[in-house]
Number of protein chains: 2
Amino acid sequence: MARPSKPKLSPDAIAAAALALVDKHGEFTLPQLAKALSVTASSIYNHVSGKDEIIELMRGRAMSAISLEGGASGDWQQTVRQIATSYWESYSKHPRLIPLLTSHTVRNRTTLRVYDALAETLAQAGFPPADRLQAITIIDSFVLGSALDAAAPEIVWEADDASSQEFKEALDAGLQLQQRARLAFHRGLELILLGLEDIRSN
Amino acid sequence: MARPSKPKLSPDAIAAAALALVDKHGEFTLPQLAKALSVTASSIYNHVSGKDEIIELMRGRAMSAISLEGGASGDWQQTVRQIATSYWESYSKHPRLIPLLTSHTVRNRTTLRVYDALAETLAQAGFPPADRLQAITIIDSFVLGSALDAAAPEIVWEADDASSQEFKEALDAGLQLQQRARLAFHRGLELILLGLEDIRSN
DNA sequence: ACCTGAACACCGTTCAAGT
DNA sequence: ACCTGAACACCGTTCAAGT
């Protein structure tokens with residue numbers, strides 16, 4: 001049984017399985033991934049060029065849900081707020097993926113679309129080009145840093161069904177932390193929007 | 001020649017050599033590190049518990065230069081500005097180290113001292129505990145995100161003495177980017193300080 | 001106490017062989 | 001075209017052996 005009449009794999013299936021592994025264990029290896037896909041490690045190379053491409057595919061998957069429909073509210077702050085929040089939420093849905101993405105800063109198309117949308121919104125609001133670039137950098141840095149902050153701390157251990165009560169309490173604390181990170185993100189974003197409006201209107 | 005009369009290694013020497021490798025190549029392996037130290041890979045295990053501890057030692061080294069002497073200026077914004085900037089500069093001196101640190105979020109003592117100093121300053125300025133924690137989270141996220149932003153993009157290639165003119169121009173562009181990231185950091189920090197003052201005084 | 005060298009389990013990737 | 005299995009170079013870590 002060398003080749004099946006219908007392919008068992010596809011880049012999309014590979015990315016989905018890899019993302020599931022990263023969500024669960026914080027990392028993935030080719031043998032693990034192959035096993036999850038009921039396949040041999042070498043088969044994977046018929047569909048992707050290697051581990052790096054799989055990481056890029058995961059980035060694309062994580063970012064695919066970003067909503068850029070700011071709704072032409074006319075209010076640039078509202079549009080930026082919505083884009084940045086959606087961006088942050090995409091990261092935060094897969095917190096353990098973020099460390100893998102920080103080494104490869106190859107921007108994929110979905111991520112670039114976010115910058116385009118921000119640039120357009122800021123331009124319409126009257127930010128000159130230099131301020132525009134700086135504002136995007138500030139927002140991007142804060143979103144990434146916030147997602148990382150939400151990601152890193154409490155995910156050292158993993159849940160399984162034999163978990164003790166103490167462990168569940170610890171998990172609850174972790175959720176509270178997630179919530180804390182979320183609130184800090186929203187608050188920080190408001191500060192930044194406020195400051196940017198100051199710059200814009202003076 | 002099994003054991004020398006004087007040890008060839010120490011945790012500090014190991015961390016320094018590892019950091020030099022990371023600065024140059026963006027990563028390090030035990031064999032590489034051993035070679036740089038004129039030693040065998042297994043010797044390293046007489047001084048550190050493994051690769052993870054080496055990474056923590058590098059974090060300590062990178063963070064050791066943080067200055068917390070805000071100078072009792074009485075101005076909380078000035079103190080926070082100085083701490084955050086020093087923090088950011090410590091990260092930015094070793095941009096390629098940052099991705100290695102984001103997986104292990106074990107905070108070492110030096111890093112924790114930064115939070116202590118921030119908390120103390122904010123408390124004296126009159127921030128209630130909850131706002132204090134949130135402010136620290138916002139600042140921390142922004143510093144880390146900014147450092148990551150400064151780190152990631154242009155460091156794909158490496159300099160050596162046989163470099164062409166075109167390559168040096170590319171390096172210059174890279175420096176401009178470093179500079180751009182630096183300016184964005186300072187601007188963003190000002191926005192955040194401004195916003196925090198709004199919160200504090202209302 | 002501290003270094004060496006052999007050894008182990010594991011990893012990412014390649015490639016001939018099969019259908 | 002797409003899967004398997006063997007193979008390669010490499011990695012992190014352990015451990016007996018040496019001084």
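Below, chain A is the first sequence line, B the second, and so on; all start at residue 1.
A:L100 places its CG atom 12 Å from the P atom of C:dG12, with the value rounded to the nearest Å. Spacing between atom NZ of A:K6 and atom C1' of C:dT19 amounts to 19 Å, rounded to whole angstrom units. At whole-Å resolution of the value, CG in A:L30 and P in D:dC10 are 18 Å apart. Nucleotide C:dC11 holds its P atom 12 Å from the CG atom of A:L21, rounded to whole Å. One can place CG of B:L33 at 18 Å from P of D:dC10, the figure rounded to the nearest angstrom. In this structure, A:I44 places its CD1 atom 13 Å from P of C:dT14, rounding to the nearest Å. Rounded to a whole Å, the CD1 atom of A:I14 is 14 Å from the C1' atom of C:dT13. If you take OH of A:Y45 and P of C:dT13, they are 3 Å apart, rounded to a whole angstrom.
Comparing C:dC11, C:dT14, C:dC3 by their nearest atom to the side chain of B:L9 picks out C:dC3. Ranking D:dT13, C:dC2, D:dT4 by closeness to the B:P4 side chain, first place goes to C:dC2. Of the candidate nucleotides C:dC2, C:dT4, D:dC3, C:dT4 has the atom lying nearest to any side-chain atom of B:V39. Taking every side-chain heavy atom of B:N46 into account, C:dC3 is the closest of C:dC15, C:dT4, C:dC3.
OP1 and OP2 of C:dC3 both lie 4.0 Å or more from every side-chain N or O belonging to B:K8. Within the structure, every side-chain polar atom (N or O) of A:H47 is placed at least 4.0 Å from both OP1 and OP2 of D:dA1. Considering only side-chain N and O atoms, A:S43 lies under 4.0 angstrom from the phosphate OP1 or OP2 of D:dT4.
B:S92 places no side-chain N or O within 3.5 Å of a backbone atom of B:E89 that could act as its donor or acceptor partner. Side-chain N or O atoms of A:Q32 include one that pairs as donor or acceptor with a backbone N or O of A:T29 at under 3.5 Å. Side-chain atoms of B:R200 come within 3.5 Å of backbone atoms of B:A125 as a donor-acceptor pair (strictly under, hydrogens ignored).
Base pairing of D:dT4 is made with C:dA16, judged by Watson-Crick or G-U wobble geometry with both donor-acceptor distances under 3.5 Å. Taking a pair to require two hydrogen-bonding distances under 3.5 Å in either a Watson-Crick or a G-U wobble arrangement, C:dA9 remains unpaired.
Nucleic acid contact class of B:T29 (heavy atoms, under 4.0 Å, all strands): sugar-phosphate only.
With a 6.0 Å radius and a threshold of 12 heavy atoms from other residues, nucleotides or ligands, A:E27 has its CD atom at or below the threshold.
Close placement of the A:W76 and A:F127 rings is indicated, their centers lying within 6.0 Å of each other.
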